[in-house]
Amino acid sequence: MRQTREDGPDAGIAARLKQVRERIERAGGDPKAVHVLAVTKGFGPDAVAAAWNVGLFEVGENYAQELVAKRAALTELGQRGVRWHFLGAIQTNKIRALAGLVDCWQSVSRESEGGRIARARPGATVLIQVAFSSDAGRPGCEPEAVPALARTLVGFGLDVSGLMAVAPRPADEARAAFRTVRRLADDLGLPVRSIGMTEDL
Ligand SMILES: *Cc1c(COP(=O)(O)O)cnc(C)c1O
């Protein structure tokens, strides 16, 4: 990780990142295995630049237009090497435009989405978004249907590296959901589990 100045403009974010990493460690998480994803939706390119300055090169975006604009802005600033994760609902008519820009599609929940991604970017890295029943309306694949979808996506030549879930509320339901995600990922031998937002921490 790049050294940041104690009093520079990135000092605030650097300090908060340090706190987050300390909390992860106190909770028994291996800091090398638990990655912090900087979700910058709704913020401008300066937020991505600030994350980059403290060594957070994995960035999550929910909206196609924001991702396109911020990616261009970062390239302009010469801040390269960001890995862009797409977290939002996938609009099939945006897949072609995003395919060359997204490094990991975290919110694949349907075979048709996977098929389109595979055609636009063969071998793309994807996660399957797992849906929870108490969370109607959110995109996602029911837990029982995840193994079959994973097989189909692998059959399309996609690199299925894990699962993603947005936790339902309240917290005890979130815990149960995270356990389900972990068990499913273990069963399928998938290393990545993209779970937990600010509130869950
Ligand atoms: C928005 C979002 C996040 C980040 O949420 P915060 O509350 O800002 O931490 C994480 N994961 C997904 C899938 C999201 O859509």
Side-chain angles (χ1 to χ4, degrees), residues 12-24 27 29 31 33-52 54-71 82-91 94-95 98 101-110 113-114 117 124-143 146 149-150 153 160-171 173-182 184-185 190-201:
I13 182 172
R16 288 199 300 269
L17 177 62
K18 186 161 173 279
Q19 282 171 8
V20 167
R21 293 215 162 109
E22 282 167 2
R23 287 179 67 178
I24 290 168
V34 180
H35 292 222
V36 176
L37 178 68
V39 178
T40 46
K41 64 168 170 244
F43 293 93
D46 50 326
V48 184
W52 192 92
V54 298
L56 282 178
F57 304 123
E58 310 247 0
V59 169
E61 287 287 341
N62 287 54
Y63 306 103
Q65 281 321 107
E66 282 195 37
L67 190 150
V68 170
K70 281 177 234 180
R71 200 177 189 282
V82 173
R83 276 197 87 230
W84 296 88
H85 295 252
F86 190 76
L87 311 173
I90 297 175
Q91 293 174 273
K94 302 270 169 68
I95 289 175
L98 284 180
L101 311 178
V102 169
D103 298 292
C104 177
W105 294 84
Q106 291 214 358
S107 46
V108 175
S109 55
R110 280 196 296 256
E113 294 165 351
I117 292 169
T125 299
V126 301
L127 309 182
I128 293 173
Q129 181 167 0
V130 186
F132 291 93
S133 52
S134 53
D135 214 15
R138 202 180 277 286
C141 175
E142 298 296 320
V146 166
L149 180 59
L153 298 179
V160 181
S161 65
L163 306 179
M164 183 271 264
V166 175
R169 304 283 168 229
E173 273 191 48
R175 274 191 203 95
F178 289 156
R179 271 196 291 272
T180 300
V181 169
R182 202 176 59 195
L184 268 172
L190 301 176
V192 178
R193 303 95 206 265
S194 176
I195 49 176
M197 315 210 311
T198 305
E199 207 184 318
D200 302 308
L201 183 76

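First listed ligand is number 1; within each ligand, the first listed atom is number 1. As the structure is a prediction and not an experimental result, all values here were calculated from the model.
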Fill in: V166: numbered ligand 1 atoms lying under 4.0 Å from its heavy atoms
13 (C)

Practice prompt. Would you sort out whether E61 and H85 count as a side chain to side chain donor-acceptor pair (under 3.5 Å), showing the intermediate values?
Written response: CA-CA 6 Å; E61 287 287 341; H85 295 252; over 6 Å; no

Worksheet, complete the sentence: the protein heavy atom lying closest to atom 7 (O) of ligand 1 turns out to be T198 OG1, 3.6 Å

Worksheet item: Can you find a heavy atom in the side chain of L37 that is under 4.5 Å from one in the side chain of Q106?
Response: yes

Discussion item. Below 4.0 Å from ligand 1: does a non-hydrogen atom of Q106 turn up there or not?
Written reply: no

Discussion item. If the threshold is 4.0 Å, N to carboxylate O, is there a salt bridge linking R169 and E173?
Written reply: no

Practice prompt. Please write down residue, atom name and distance for the protein heavy atom closest to atom 10 (C) of ligand 1.
Written response: M197 SD, 3.3 Å

Practice prompt. If you have a sec, work out which protein heavy atom is nearest atom 2 (C) of ligand 1 and how many Å separate them, to one decimal?
Written response: K41 NZ, 2.5 Å

Item to complete: Quick one: look at L37 and ligand 1, take heavy-atom pairs under 4.0 Å, and tell me if it's side chain, backbone, both or neither.
Response: neither

Discussion item. Could you check whether any side-chain N or O of R23 sits under 3.5 Å from a backbone N or O of L201, counting only pairs where one atom can act as donor and the other as acceptor?
Written reply: yes

Worksheet entry | NZ/NE/NH1/NH2 to OD/OE distance under 4.0 Å, K41 and E66 | no

